[in-house]
Chemist: 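Okay, handing you the structure first.
For clarity, every value in this text was computed on a predicted model and none was experimentally measured.
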Amino acid sequence: VQLQASGGGLVQAGGSLRLSCAASAPTVGNYHMGWFRQAPGKERDFVAAISRSGMNIRYAYYVKGRFTISRDNAKNTVSLQMNSLKPEDTAVYYCAANSRSSFNVGDYDLVTSYDYWGQGTQVTVSS
C-alpha cells in the first residue's frame, strides 16, 4: 500500500487545515488508518486513528475536540480536519495503515503497530 499525504501548509493560530491521505491500493478498507505527527527533534506522536469500518475512532487528548478523522473506503482516502490550530500543532503529519485485527490501545496508537507510511506533509501554525 502506498500512501500520499497532502493538504499541509502555513496557517495562523485559530485557523483550519484539512489533510488528505490517498492510498494506492483498492483495498484500503482492509486497514485501520492513523495520523501521526513529528515536530523537529521530537518523537513521532499519535494524533488520531479510525478503524476499518469507520465505526471506531480514537484521538490523542491534545487534539480531541479540535481534530476530526474520517475515511471514504470507496475513494481510498482518509482525511484529518484540523480546527482551532495552535502553534504547538506545528509538525510534519504522516498518515499510516495498520493491518492488525484488533483496534485497542497498543494497536492504534503506536508507531510500531503500523505497516505502511506516507511521506508526510508539513503543517506550520504561526502565533
Chemist: Is the F103-H32 ring centre distance short of 6.0 angstrom?
Modeler: yes
Chemist: So T77 and S20, do their side chains get closer than 4.5 Å, heavy atoms only?
Modeler: no
Chemist: Decide yes or no for S70 and Q81: does some side-chain heavy atom of the first lie under 4.5 Å from some side-chain heavy atom of the second?
Modeler: no
Chemist: Under 6.0 Å from the CD atom of E88, do we count more than 12 heavy atoms belonging to anything else shown?
Modeler: yes
Chemist: Show the nearest heavy-atom pair for residues R66 and S84, with the distance to one decimal.
Modeler: NH1-O, 3.0 Å
Chemist: On a heavy-atom basis, which atom in A13 and which in S127 lie closest, and how many Å separate them?
Modeler: CB-CA, 4.4 Å
Chemist: Starting from the C-alpha separation in whole Å, work towards a yes-or-no answer on side chain to side chain contact (heavy atoms under 4.5 Å, CB included) for Y31 and I50.
Modeler: CA-CA 9 Å; Y31 299 91; I50 186 168; over 6 Å; no
Chemist: Is V92 reachable from L3 through a run of I, L, V, M, F, W or Y residues, each pair having side-chain heavy atoms under 4.5 Å apart?
Modeler: no
Chemist: Quick one: side chains of residues 54-65, donor-acceptor pairs under 3.5 Å with protein atoms, not counting sequence neighbours, listed by atom name and distance.
Modeler:
from : atom 1 : to  : atom 2 : distance (Å)
Y59  : OH     : I69 : N      : 3.0
Y62  : OH     : F46 : O      : 2.6

Chemist: When rounded to the nearest 0.5 angstrom, what distance separates OG in S51 from OH in Y108?
Modeler: 11.5 Å
Chemist: Is a donor on one side and an acceptor on the other found under 3.5 Å between the side chain of S113 and the backbone of D107?
Modeler: yes
Chemist: Under 3.5 Å, is there a donor on one side chain and an acceptor on the other for T124 and Q122?
Modeler: yes
Chemist: Donor-acceptor pair, distance only, cut-off 3.5 Å: does the side chain of N98 make one with the backbone of D109?
Modeler: no
Chemist: Would you say the side chain of Q4 lies within less than 4.5 Å of the side chain of Q119, judging by non-hydrogen atoms?
Modeler: yes
Chemist: Quick one: closest heavy-atom pair of S16 and N83, and the distance?
Modeler: OG-OD1, 2.9 Å
Chemist: Can V47 be reached from V111 by stepping across I, L, V, M, F, W or Y side chains whose heavy atoms are under 4.5 Å apart?
Modeler: no
Chemist: Using modelled atom types only, decide if a donor and an acceptor are shared between the side chain of R71 and the backbone of V78 within a distance under 3.5 Å.
Modeler: no
Chemist: Is any side-chain heavy atom of L19 less than 4.5 Å from a side-chain heavy atom of V123?
Modeler: yes
Chemist: Kindly give the heavy-atom pair with the smallest separation between G29 and R52, and that separation in Å.
Modeler: O-CB, 3.3 Å
Chemist: Using a 3.5 Å cut-off and no angle test, enumerate the donor-acceptor pairs between side-chain atoms of residues 35-42 and protein atoms at least two apart in sequence or in another chain.
Modeler:
from : atom 1 : to  : atom 2 : distance (Å)
R37  : NH1    : D89 : OD1    : 2.8
R37  : NH1    : Y93 : OH     : 3.0
Q38  : OE1    : R44 : NE     : 3.2
Q38  : OE1    : R44 : NH2    : 3.3
Q38  : NE2    : K42 : O      : 3.1

Chemist: If I compare all heavy atoms of L17 with all of G7, which pair ends up nearest, and what's the gap?
Modeler: CD2-O, 3.9 Å
